There are 2 protein chains.
Amino acid sequence: MSLRYALLALLTVEPMTGYDLYKEFESSVGHVWHAPDSQIYPELRRMEKDGLLEGEEISWGQRGKKRQYHITEAGVAAFRTWMNGTLDYARVRDPAHLKAAYLEWAEPDAAREQMLAHIRHHTELLQQWHDKVREIEEGASPMLNRRLAKVPPEQRRKTAAFKKFTYEGLIARAEQEIAWANRGLALIDELYAEPETADAGKS
Amino acid sequence: MSLRYALLALLTVEPMTGYDLYKEFESSVGHVWHAPDSQIYPELRRMEKDGLLEGEEISWGQRGKKRQYHITEAGVAAFRTWMNGTLDYARVRDPAHLKAAYLEWAEPDAAREQMLAHIRHHTELLQQWHDKVREIEEGASPMLNRRLAKVPPEQRRKTAAFKKFTYEGLIARAEQEIAWANRGLALIDELYAEPETADAGKS
DNA sequence: GAAAACATGTAACCGGTTACATGATTCT
DNA sequence: AGAATCATGTAACCGGTTACATGTTTTC
C-alpha cells in the first residue's frame with residue numbers, strides 16, 4: 001500500500017498527471033519506491049474513487065487531453081495519518097544473501113561473478129544517490145525546490161534535511177553492501193587458491 | 001522463484017517433510033528467506049511434478065502419515081544451475097526510507113517513534129544473527145552439522161565459511177540501519193528543539 | 001517525415017499473505 | 001484429558017510485473 005502514499009507525497013507539492021508521476025517514479029521517489037506506469041494509472045483512479053484525489057480533464061494540443069490530479073483535504077489527512085503511524089516490517093527475503101549462504105555450490109568463477117555483480121549493482125545505486133545528495137545540497141533539485149517554495153520558511157530546513165538524511169542512509173547501505181561483497185571476493189580467493197594444502201582429492 | 005531454490009538447498013542435506021521444511025523456514029533459512037507453510041506445501045507438489053523432488057508417503061503413528069521429499073538428480077542440477085547463474089536485482093522498494101524522506105509531515109514524537117521502531121526491529125534481527133554466527137563458530141548448528149557430515153572433508157571449510165559470511169553481511173547491514181536511525185534521532189532533536197531562533201510564526 | 005516523448009490504459013500472470021479448515025500424535 | 005506440536009492443505013485476495021494496445025504531440 002506504500003504506492004498510494006508515495007503518490008500522495010508527490011501530489012502535496014502540485015497537481016500532476018499520471019505521466020508526470022510516472023516520470024517522478026523514474027527519478028526522485030523512484031530511488032526509494034519504484035512503480036511502473038501500469039500500476040500508477042489504475043491506482044490514481046482508485047484514489048480518486050476513495051476521495052483522496054480529484055482528477056480534471058485538461059486538453060493538450062488540438063485533440064489530445066490528459067487527466068491532472070490534485071490532492072484533496074482527505075488526501076492530505078490520509079498522508080499525515082500514514083506519516084504519523086508505524087510501519088510493519090516485512091520478513092526478510094533476500095536472494096543475494098540466500099545465494100551467498102550456499103556459495104560452495106557455485107563454481108569459483110561464478111561465485112566471484114556474483115560478488116562482482118553485487119558490487120556493480122550497488123555502485124550504480126551509490127552513484128545515483130550521491131548525485132541526489134549533491135543536487136539537494138546545491139539546491140538543484142527541481143521537485144524539491146518546488147516543494148520548498150510551497151512550504152512555510154521555518155519548515156524548509158526540515159524538508160531538505162530529511163531528504164538528505166534519507167539518501168545518506170541509502171548511501172551507507174550501498175557502501176556496506178559493496179564492502180561485504182569485497183570481503184566475499186577475498187574469502188573466495190582464500191578458500192579456492194590454497195596452494196600448500198595440496199589435497200588432490202576430488203568428489 | 002527463490003523459494004524453490006531455498007527448498008532445494010535444504011533438501012540437498014537430507015529428505016524432509018513439508019513440516020520439517022517449514023520449521024527450517026522459521027529458523028535457519030528463514031533468516032534470509034521467509035515462507036509460510038501455505039506456500040511451502042503447494043510448491044513442494046509443483047517441484048515434484050517438475051521432477052526436482054520425489055515424495056514418499058511415510059506412515060507416522062497408527063493412522064497418521066506424512067510425505068517425505070528427497071531431491072532428485074534433476075533437482076541437484078537445477079540448484080547448481082541457479083547457483084552458477086546470475087541474479088537480477090529487484091528495484092528499490094523501501095517503505096522505511098520512503099517515510100523518512102517526508103518525515104517533516106510527522107509529529108516530532110511520531111518521527112522519533114519511527115526511528116526507535118527501526119532500531120528495535122534491526123536490533124532484534126541483529127540478536128538472531130549474532131546467535132547464528134556463534135552457533136556456526138561453536139559447531140552447534142544442527143542443520144549445518146548434518147550438512148557438513150554429508151559433504152567431502154575438503155568442502156567443509158567452504159560450507160561453514162559461506163554461511164558465516166552471509167550472516168556477517170546481514171549483521172553489518174543491521175548495524176548500519178541502527179546507526180542511520182540514531183543519526184535520525186539526533187537530526188530530529190536538532191531540527192525541533194531550537195530555542196534561540198524563537199520564530200513564533202506558525203502556519 | 002521520423003523519432004522521441006507524452007499520455008493512458010487493459011490483461012494475464014505470479015509470488016506472497018491471510019484466513020480458513022482439518023485431523024493425528026505426542027507430551028504433560 | 002488437554003495442550004502443544006506435527007501434519008497438510010485450500011481459497012480469497014493483494015500488490016507487483018510483463019506484455020499488449022493505442023493514440024497524440026513535440027522535436028529534430
Side-chain angles (χ1 to χ4, degrees), chain A residues 1-8 10 15-27 29-30 32-50 53 55-69 82 87-95 98, chain B residues 1-8 10 15-27 29-30 32-50 53 55-69 82 87-95 98:
Chain A
M1 264 274 126
S2 295
L3 171 59
R4 173 162 293 207
Y5 299 101
L7 291 168
L8 286 175
L10 290 171
M16 290 191 222
T17 67
Y19 191 74
D20 292 336
L21 287 158
Y22 159 67
K23 289 273 114 180
E24 288 302 318
F25 273 85
E26 299 245 294
S27 52
V29 230
V32 283
W33 199 269
H34 171 259
D37 54 352
S38 68
Q39 208 189 344
I40 291 170
Y41 290 114
E43 182 62 21
L44 288 170
R45 291 284 175 172
R46 276 191 295 270
M47 288 165 78
E48 187 175 9
K49 212 182 60 209
D50 294 346
L53 304 181
E56 189 193 348
E57 289 291 325
I58 285 184
S59 63
W60 160 64
Q62 262 72 61
R63 275 176 301 289
K65 54 184 170 150
K66 54 185 180 175
R67 192 167 186 83
Q68 196 176 50
Y69 292 92
W82 183 71
L87 220 55
D88 28 87
Y89 287 83
R91 306 288 280 272
V92 183
R93 196 167 289 110
D94 183 335
L98 172 60
Chain B
M1 264 275 126
S2 295
L3 171 58
R4 173 162 293 208
Y5 299 101
L7 290 167
L8 287 176
L10 290 171
M16 289 192 223
T17 67
Y19 191 73
D20 293 336
L21 287 157
Y22 159 66
K23 289 273 115 179
E24 289 302 318
F25 272 84
E26 300 245 292
S27 52
V29 229
V32 283
W33 197 268
H34 171 259
D37 54 351
S38 67
Q39 209 190 345
I40 291 171
Y41 289 113
E43 182 64 21
L44 288 170
R45 292 282 175 174
R46 277 191 295 271
M47 288 164 79
E48 187 175 7
K49 214 182 60 208
D50 294 347
L53 304 181
E56 189 192 348
E57 288 291 325
I58 285 185
S59 63
W60 160 64
Q62 264 72 63
R63 275 176 301 288
K65 53 185 171 148
K66 55 185 181 175
R67 192 168 185 81
Q68 196 175 52
Y69 293 92
W82 184 71
L87 221 52
D88 29 86
Y89 287 82
R91 305 289 280 272
V92 182
R93 194 168 290 109
D94 183 335
L98 171 60

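Since this is a predicted model, take the numbers as computed values, not measurements.
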Separation of atom [atom1] in [X] from atom [atom2] in [N], rounded to whole Å:
{"X": "B:Tyr41", "N": "D:dA11", "atom1": "OH", "atom2": "C1'", "result": "17 Å"}
{"X": "B:Asp20", "N": "D:dT8", "atom1": "CG", "atom2": "C1'", "result": "13 Å"}
{"X": "A:Arg63", "N": "C:dT8", "atom1": "CZ", "atom2": "C1'", "result": "17 Å"}
{"X": "B:Glu57", "N": "D:dG9", "atom1": "CD", "atom2": "P", "result": "8 Å"}
{"X": "B:Glu48", "N": "D:dG9", "atom1": "CD", "atom2": "C1'", "result": "15 Å"}
{"X": "B:Tyr19", "N": "C:dA24", "atom1": "OH", "atom2": "P", "result": "16 Å"}
{"X": "B:Ile40", "N": "D:dA7", "atom1": "CD1", "atom2": "C1'", "result": "13 Å"}
{"X": "A:Asp37", "N": "C:dG9", "atom1": "CG", "atom2": "P", "result": "11 Å"}

Please evaluate the base of D:dT17 for a donor-acceptor partner in the side chain of A:Ser38 within a cut-off of under 3.5 Å?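 Absent.
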Among [options], the nucleotide that comes nearest once only the side chain of [X] is considered:
{"X": "A:Gln39", "options": "C:dG16, D:dT25, D:dT17", "answer": "D:dT17"}
{"X": "A:Arg45", "options": "D:dT8, C:dT25, C:dT8", "answer": "C:dT8"}
{"X": "A:Pro42", "options": "D:dC6, D:dT17, C:dT10", "answer": "C:dT10"}
{"X": "A:Arg67", "options": "C:dT8, C:dA24, D:dG16", "answer": "C:dT8"}

Reported CG-to-CG distance for the pair B:Asp37 and B:Leu21, which is rounded to 0.5 angstrom: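 It comes to 11.5 Å.
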Short side-chain N/O contact to C:dC14 OP1/OP2 from B:Arg4, under 4.0 Å: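 Checking C:dC14 against B:Arg4, no side-chain N or O comes under 4.0 Å of OP1 or OP2.
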Quick one: is B:Lys65 getting a side-chain N or O under 4.0 Å of the D:dA7 phosphate, OP1 or OP2?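 B:Lys65 to D:dA7 OP1/OP2: no side-chain N or O under 4.0 Å.
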Between B:Trp60 and A:Trp33, which residue's closest nucleotide on DNA chain D lies nearer the 5′ terminus?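 Final value for this comparison: B:Trp60.
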Mind checking ring pair (Phe, Tyr, Trp, His ring centres under 6.0 Å) for A:Tyr19 and listing every partner two or more places apart, or none if nothing turns up?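 Listed in chain order: A:Tyr22.
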Check ion pair A:Lys66-A:Asp20 (N to O, under 4.0 angstrom):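 Here A:Lys66 does not pair with A:Asp20 in a salt bridge, since their nearest N and O are not under 4.0 Å apart.
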Answer whether the closest heavy-atom distance between the side chains of B:Leu3 and B:Phe25 falls below 4.5 Å.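 Of all side-chain heavy-atom pairs linking B:Phe25 with B:Leu3, at least one is under 4.5 Å.
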Below 4.5 Å, heavy atoms only, C-beta onward: do A:Glu24 and A:Ser27 meet side chain to side chain?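 They are in contact (side-chain heavy atoms under 4.5 Å apart), so the answer is yes.
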